[in-house]
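One structure is given here, and the rest of the page talks about it.
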Amino acid sequence: MGDRHAMIDGDTEGLLRELTPQVLGALVRRYGNFDSCEDAVSEALLAAATQWPRTGIPEQPRGWLITVASRRLIDLLRAEQARRRREESQAQWEIRPDPALPGEPAPAESDDSLILLFLCCHPSLSPASQIALTLRAVGGLTTAEIARAFLVPEPTMTRRITRAKQSITGSGVPFALPPREDQLERVAAVLHVLYLIFNEGYASTAGPDLHRPELTAEAIRLARLLHRLSDDAEAAGLLALMLLTDARREARTGPAGELIVMADQDRTRWDRAMITEGVSLISSVLPRGEPGPYQLQAAIAAIHDEAPSADRTDWPQIVALYRLLLTQARPNPVVELNHAVAVAMVDGPAAGLDLINELDGSGRLGDDHRLSAVRAHLLELAGDHGPARSAYLAAADRAINLPQQRYLRDRARRLEEDDDGG
């Protein structure tokens, strides 16, 4: 499915990406076979990519795709019937009653994309399979992109996703929102998956672009639906975190697509409507009780977003929130990294570097470029330009996102020029 959009323009590609999980969800809800439904949807997307540039986008593109995919599924059914007894095939593929016509949008409380999300996060799957399948089916990432994110070969990821789809198909779980008690059990997995989809969109792990706005938009859309259907405080916290983070997106890049770090961003370009909504959300749930990790991260993001300038950021409050975050059950080395930066802003770069050295010694971040990048930044603040330059270059060598590589090498070059000028 990775090259299906090669023949179409960006607007149509975005529409197909938005509609893909809705069409897949509609087919699985009607026919119940995840793997074959995805094959049929792929055929429908290919047909759209071939026909729509000539004929124009149909009046009801979702219904068009569902109709074409359903016809392809019938063809697959007939092929299956040739291999199995007719009675078995008819029983397996019985179409489930559905009063909605293909072109009619489903109401929010039964949104096919959200139901598909809960299905992909079925407790019978391992967490890694839940994440991989959701990124594939709901987030629209290619198998190659998911394999890169998991640091595994593409064939390995293909097998993992295939097994996950087969497990769901064989589980007999109806394609519908799970009962209320099961929803609560699955919310943590769903939140984690949405968080990863958003992060992949906001800071792409690889490739020429810093952002993939279609992924952040889809993650926010699904987070809104989940928040609407659930009174879970962490669901509200995650939505607030996404809004408060995405509000800064336009200011993160310059005219040539270069990365601009938060301290250097033009804050007038931040989306104030998103900030207002995010602050309101997190302010409404924090008083409920002990906040979870998404609420704490949203509170940190709110402090950044409400600061009139980088030098007027309330870093002591951010340090306190990171310390609370570090007490959560699951230790997170990225949180420790961010905590080290905050400590450096309060107590000086040497204090932050001590924490960085401890984290490096633990090996829990592996060769992640962010560890070297933060070390370089703190060394630069401390005035150690030689070691800082080496750390920036080491970080650039480890980064696989091109704008990040360019930014890190540019920082190293500037330090060299400053030293030469001195």
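Worth knowing before you read on, the calculation uses all heavy atoms, side chains too, and leaves out hydrogens, waters and symmetry mates. Because the structure is predicted, anything quoted here is derived from the model rather than measured.
- Side-chain contact between Leu296 and Tyr322 is absent, with no heavy atoms from C-beta onward closer than 4.5 Å.
- Considering all non-hydrogen atoms of both residues, Ile275 and Ala247 come closest at CG1-CB, 3.6 Å.
- Judged by distance alone, the side chain of Arg160 and the main-chain N or O of Ser129 form no donor-acceptor pair under 3.5 Å.
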Step by step, would you call Glu218 with Arg221 a salt bridge (Lys or Arg N to Asp or Glu O under 4.0 Å)? CA-CA 5 Å; Glu218 179 66 8; Arg221 187 185 77 83; 3.2 Å; yes
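- Residues Asp305 and Leu244 share a closest heavy-atom pair of OD2-O, 2.6 Å.
- Here the shortest heavy-atom pairing between Phe198 and Met242 reads CZ-O, 3.5 Å.
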List the steps, then state whether side chain to side chain donor-acceptor pair (under 3.5 Å) holds for Gln265 with Trp270. CA-CA 9 Å; Gln265 288 172 14; Trp270 289 2; 3.0 Å; yes
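- Remark: Leu239 CG to Leu226 CG distance equals 9.0 Å, nearest 0.5 Å.
- Without hydrogens or angle criteria, Thr50 side chain to Leu46 main chain gives a donor-acceptor distance under 3.5 Å.
- We find the CG-OG1 distance between Leu281 and Thr276 to be 11.5 Å, quoted to the nearest 0.5 Å.
- In this structure the side chain of Leu116 never reaches within 4.5 angstrom of the side chain of Gln22, judged on heavy atoms.
- Put simply, the side chain of Gln328 reaches to within 4.5 Å of the side chain of Leu325, judged on heavy atoms.
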Checking Leu15 against Trp52 for the side-chain contact (heavy atoms from CB on, under 4.5 Å) test, could you report, in this order, the C-alpha distance in whole Å, the side-chain angles of both residues, the deciding distance, and whether it holds? CA-CA 12 Å; Leu15 176 63; Trp52 289 5; 4.2 Å; yes
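- Figure legend: cation-pi geometry between Arg414 and Tyr392 absent, as NZ or CZ is not positioned both under 6.0 Å from the six-membered ring centre and within 45° of its axis.
- Listed for the Arg71 side chain is no donor-acceptor partner under 3.5 Å among the backbone atoms of Ile66.
- With contacts defined as side-chain heavy-atom distances shorter than 4.5 Å, the pair Asp271/Leu243 does not qualify.
- Using a distance-only test at 3.5 Å, with no hydrogens or angles considered, no donor-acceptor pair links the side chain of Gln404 to the main chain of Ala399.
- Residues Arg249 and Tyr202 have side chains in contact (heavy-atom distance under 4.5 Å, counting atoms from C-beta outward).
- No side-chain donor-acceptor contact under 3.5 Å links Gln317 to the backbone of Trp315.
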Apply side-chain contact (heavy atoms from CB on, under 4.5 Å) to Arg248 and Met262, showing your working. CA-CA 8 Å; Arg248 303 190 292 263; Met262 190 189 302; 3.5 Å; yes
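- Using a 4.5 Å heavy-atom cutoff, the side chains of Leu337 and Val341 are not in contact.
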Counting only pairs under 3.5 Å, give me each side-chain donor-acceptor contact of residues 370-377, with atom names and distances, residues two or more places apart or in other chains.
residue	atom	partner	partner atom	Å
Arg370	NE	Asp368	OD1	3.0
Arg370	NE	Asp368	OD2	3.3
Arg370	NH2	Asp368	OD2	2.7
Ser372	OG	Arg398	NH1	2.6
Arg375	NH1	Asn357	OD1	2.7
Arg375	NH2	Asp360	OD2	2.7

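- Taking the side chain as every heavy atom from C-beta outward, Arg323 and Thr327 never approach each other to under 4.5 Å.
- Across all their heavy atoms, Ala219 and Ile197 have their closest contact at CB-CG2, 4.1 Å.
- Here Ile260 contributes atom CD1 and Thr253 contributes atom OG1; the two are 6.5 Å apart, rounded to the nearest 0.5 Å.
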Start with the C-alpha distance between Val334 and Leu365, add both sets of side-chain angles, then the distance that settles side-chain contact (heavy atoms from CB on, under 4.5 Å), and finish with yes or no. CA-CA 8 Å; Val334 175; Leu365 261 179; 4.2 Å; yes
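- Taking both residues in full, the closest heavy atoms of Ala351 and Val343 are given as CB-CG1, 3.9 Å, listed atom of the first, atom of the second, then distance.
- Nearest heavy-atom pair, Leu379 versus Ala391, reported as atom, atom and distance to 0.1 Å: CD1-CB, 4.5 Å.
- Note that the SG atom of Cys120 and the CZ atom of Phe34 stand 4.0 Å from one another [nearest 0.5 Å].
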I'd like to know whether Lys165 forms a salt bridge (Lys or Arg N to Asp or Glu O under 4.0 Å) with Glu38, so could you lay out the CA-CA distance, the side-chain angles of the two residues, the decisive distance to 0.1 Å, and finally the verdict. CA-CA 10 Å; Lys165 290 188 290 188; Glu38 190 181 35; 2.4 Å; yes
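- Between the side chain of Glu234 and the main chain of Tyr294, a donor-acceptor pair closer than 3.5 Å is present.
- To the nearest 0.5 Å, the span separating CG on Leu191 from SG on Cys121 amounts to 9.0 Å.
- Between Thr134 and the choices Leu125, Leu117, Leu194, the side-chain contact (heavy atoms from CB on, under 4.5 Å) rule is met once, by Leu117.
- Looking only at side-chain heavy atoms (C-beta outward), Asn199 and Thr216 stay at 4.5 Å or farther from each other.
- With values rounded to the nearest 0.5 angstrom, Arg406 atom CZ is found 9.5 Å from Leu259 atom CG.
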CA sep, side-chain torsions, deciding dist, call: Glu277, Arg272, salt bridge (Lys or Arg N to Asp or Glu O under 4.0 Å): CA-CA 9 Å; Glu277 183 182 0; Arg272 288 295 151 187; over 6 Å; no
Please lay out, stage by stage, how Leu133 and Ile168 fare under the test side-chain contact (heavy atoms from CB on, under 4.5 Å). CA-CA 10 Å; Leu133 184 58; Ile168 288 177; 3.3 Å; yes
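- In this structure, Arg30 contributes its side chain and Ala26 its backbone to a donor-acceptor pair below 3.5 Å.
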